[in-house]
Participant: 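Please find one structure pasted underneath; my questions will follow.
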2 protein chains.
Amino acid sequence: MTASATREQIVRAADRLFYERGFEHTSFADIAGAVGLSRGNFYYHFKSKDAILDAVIAARRDERRGWLARWENEEPDPAARILRFIEIVHVNRADIQAFGCPLGTMTTELAKLEHTMLTQAGDLLTLFRDWLTEQFRLLGYAERSGDLAMHVLTFSQGAAVLANLYRDESYIRREVDQMRAWLHALQPTT
Amino acid sequence: MTASATREQIVRAADRLFYERGFEHTSFADIAGAVGLSRGNFYYHFKSKDAILDAVIAARRDERRGWLARWENEEPDPAARILRFIEIVHVNRADIQAFGCPLGTMTTELAKLEHTMLTQAGDLLTLFRDWLTEQFRLLGYAERSGDLAMHVLTFSQGAAVLANLYRDESYIRREVDQMRAWLHALQPTT
DNA sequence: GTCTATATACCGATAGAC
DNA sequence: GTCTATCGGTATATAGAC
């Protein structure tokens with residue numbers, strides 16, 4: 001196996017394990033076991049656990065940027081793009097019920113650890129924040145756009161926390177429907 | 001020092017440390033250091049870390065029940081009571097910006113650990129959920145009451161996650177204002 | 001009730017053979 | 001590039017003196 005392919009496997013396994021078990025609760029042995037490598041060999045690819053976290057965050061950033069680009073391509077209407085974001089809570093409901101929001105739970109954990117990479121993990125949410133702001137701006141909401149984007153993020157984070165706790169699919173559907181109605185009723189002039 | 005007084009000190013210190021650093025990231029040495037005891041003596045009062053978590057959850061339940069009783073006494077109007085809940089995000093903004101919601105972050109962590117006490121930690125949020133449901137019922141929302149209660153919880157959890165990440169007080173104020181307006185515009189007949 | 005000393009296990013990280 | 005062996009640190013938990 002080439003080094004880059006092994007590295008990619010490690011990042012993919014770590015990404016999933018950090019999501020399912022949390023960063024601190026995931027050990028090198030866990031990741032090594034998932035990839036099928038020994039612990040020792042691990043350090044050939046990454047010199048520390050923080051280096052893996054850094055790579056995981058970079059991988060997530062690339063993936064999320066891909067989502068945003070796809071939504072922009074598939075939806076010419078900015079309101080429809082915002083809807084695509086709102087609906088990921090329902091589209092990814094199985095994972096969210098089991099493990100919460102990958103970005104929200106990571107920032108929550110890193111904040112408690114006072115981890116230096118909290119800022120970089122937070123940048124992943126800021127990616128959506130800025131993109132949503134731009135969509136609202138395109139709809140004519142001007143200086144209100146940033147606050148509206150934050151409101152959409154508030155909904156998605158809150159829904160993810162409670163979906164994870166109560167594991168109730170109908171709750172997710174209701175909250176998404178409510179958010180869709182909110183977006184539809186919004187008016188740039190009010 | 002009597003055993004019960006020492007025990008109470010331990011629970012209070014553990015409550016705060018679990019909130020600030022998280023459950024798993026807090027060690028016995030941390031708690032013992034905060035109380036001024038040796039690690040060894042610790043097991044005289046609690047036989048395991050889970051036993052401390054259990055006591056912390058029980059203490060939080062008592063405290064939150066006290067809040068609800070106080071709000072009921074001070075506010076005859078159920079809508080004003082709901083407002084009291086909505087406003088705790090702003091009232092406790094300093095702690096929430098630094099450490100998030102004590103209940104939400106604990107359930108998020110315990111879910112990832114697949115900890116057996118997740119249910120009991122979740123019951124603390126259910127305490128508010130049931131109480132909010134009852135207030136909406138008193139306002140005449142009938143079978144919609146439960147969903148409205150969940151919507152209020154969604155707001156408070158989402159706002160706490162993002163307040164913790166961005167540490168922006170004006171964001172908290174805006175979201176609380178928006179939630180207040182939402183509550184005011186609600187109509188039992190619609 | 002509080003202490004010191006210690007058992008046992010796992011963690012992240014390193015060294016060096018192959 | 002992958003392995004085994006191991007270091008140093010810290011975690012929960014226990015034993016026993018005082």
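Only this structure's heavy atoms are used, side chains among them; waters, hydrogens and symmetry mates stay out. All chains are named by letter (A, B, ...) in the order of the sequence lines, taking the proteins before the strands, and each is independently numbered beginning at 1. All figures in this text were calculated on a predicted structure; none of them were measured in a lab.
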Participant: With distance as the sole test, does A/Thr2 use its side chain to make a donor-acceptor pair with the main-chain N or O of A/Ala5 at under 3.5 Å?
Facilitator: yes
Participant: Between C1' on C/dT2 and CD on B/Gln9, what's the gap in Å once rounded to a whole number?
Facilitator: 14 Å
Participant: Measure from NZ on B/Lys49 to P on D/dT12 and round the result to the nearest Å.
Facilitator: 5 Å
Participant: Using whole Å, report how far CG of A/Leu53 lies from P of C/dG12.
Facilitator: 13 Å
Participant: Which nucleotide in the list D/dT2, C/dT2, D/dT12 gets nearest to the side chain of B/Tyr43?
Facilitator: D/dT12
Participant: How would you list, by chain and number, every residue that makes a ring-ring contact (aromatic ring centres under 6.0 Å, His included) with B/His25, sequence neighbours excluded?
Facilitator: none
Participant: Output the rounded distance in Å from NE2 (A/His45) to C1' (C/dT14).
Facilitator: 16 Å
Participant: Pairs of donor and acceptor atoms involving the side chains of residues 28-41 of chain A, under 3.5 Å and at least two apart or interchain, shall be tabulated with distances.
Facilitator:
unit_1  : atom_1 : unit_2  : atom_2 : d
A/Asp30 : OD1    : A/Arg21 : NH1    : 3.2
A/Asp30 : OD2    : A/Arg21 : NH1    : 3.2
A/Asp30 : OD2    : A/Ser27 : N      : 3.0
A/Asp30 : OD2    : A/Ser27 : OG     : 3.2
A/Ser38 : OG     : A/Asn41 : N      : 3.4

Participant: Once side chain to side chain contact (heavy atoms under 4.5 Å, CB included) is applied, do any residues pair with A/Ala69, and if so which ones, sequence neighbours excluded?
Facilitator: none
Participant: Take the protein atom CZ of A/Phe46 and the nucleotide atom C1' of D/dG1, then report the distance between them rounded to whole Å.
Facilitator: 14 Å
Participant: For residues 98-106 of chain B, please give each side-chain donor-acceptor pair under 3.5 Å, one per line with the distance, not counting sequence neighbours.
Facilitator:
unit_1   : atom_1 : unit_2   : atom_2 : d
B/Thr105 : OG1    : A/Lys112 : NZ     : 3.3
B/Thr105 : OG1    : B/Cys101 : O      : 2.7

Participant: Provide, to the nearest angstrom, the distance between the CG atom belonging to A/Asp50 and the C1' atom belonging to C/dA13.
Facilitator: 12 Å
Participant: Return the set of residues passing side chain to side chain contact (heavy atoms under 4.5 Å, CB included) with B/Arg167 (not counting sequence neighbours), or none when no residue passes.
Facilitator: A/Ala111, A/Leu118, B/Gln97, B/Asn164
Participant: Short of 4.0 Å, heavy atom to strand atom, which residues of residues 23-35 of chain B count as contacting DNA chain D?
Facilitator: B/Thr26, B/Ser27, B/Phe28
Participant: Restricting to ring-ring contact (aromatic ring centres under 6.0 Å, His included), what partner residues turn up for A/Trp67, sequence neighbours left out?
Facilitator: none
Participant: Suppose we screen for ring-ring contact (aromatic ring centres under 6.0 Å, His included). Which residues come up paired with B/Phe18, at least two apart in sequence or across chains?
Facilitator: B/Phe23
Participant: Table please: side-chain donor-acceptor pairs of residues 82-92 of chain B below 3.5 Å, with sequence neighbours left out.
Facilitator:
unit_1  : atom_1 : unit_2   : atom_2 : d
B/Arg84 : NH1    : B/Glu74  : OE1    : 3.1
B/Arg84 : NH1    : B/Glu75  : OE2    : 2.9
B/Arg84 : NH2    : B/Glu74  : OE1    : 3.1
B/Glu87 : OE2    : B/Arg180 : NH2    : 3.0

Participant: Identify all pairs in which a protein N or O lies below 3.5 Å from an N or O of nucleotides 3-7 of chain C, and state each distance.
Facilitator:
unit_1 : atom_1 : unit_2  : atom_2 : d
C/dC3  : OP2    : B/Ser38 : N      : 2.8
C/dC3  : OP2    : B/Ser38 : OG     : 3.2

Participant: Among residues 106-113 of chain A, which ones have heavy-atom contacts with DNA chain C below 4.0 Å?
Facilitator: none
Participant: Nearest-Å distance, NZ (A/Lys47) to P (C/dA15)?
Facilitator: 15 Å
Participant: Measuring from the side chain of B/Ser48 (C-beta onward, heavy atoms only), which nucleotide among D/dA13, C/dT2, D/dT2 has the closest atom?
Facilitator: D/dA13
Participant: Side-chain polar contacts of residues 152-160 of chain B - donor-acceptor pairs under 3.5 angstrom, sequence neighbours left out - could you list them?
Facilitator:
unit_1   : atom_1 : unit_2   : atom_2 : d
B/Thr154 : OG1    : A/Tyr171 : OH     : 2.6
B/Thr154 : OG1    : B/Met150 : O      : 2.7
B/Ser156 : OG     : B/Leu153 : O      : 3.1

Participant: When you compare the side chains of B/Ser48 and B/Tyr43, does any donor N or O come within less than 3.5 Å of an acceptor on the partner?
Facilitator: no
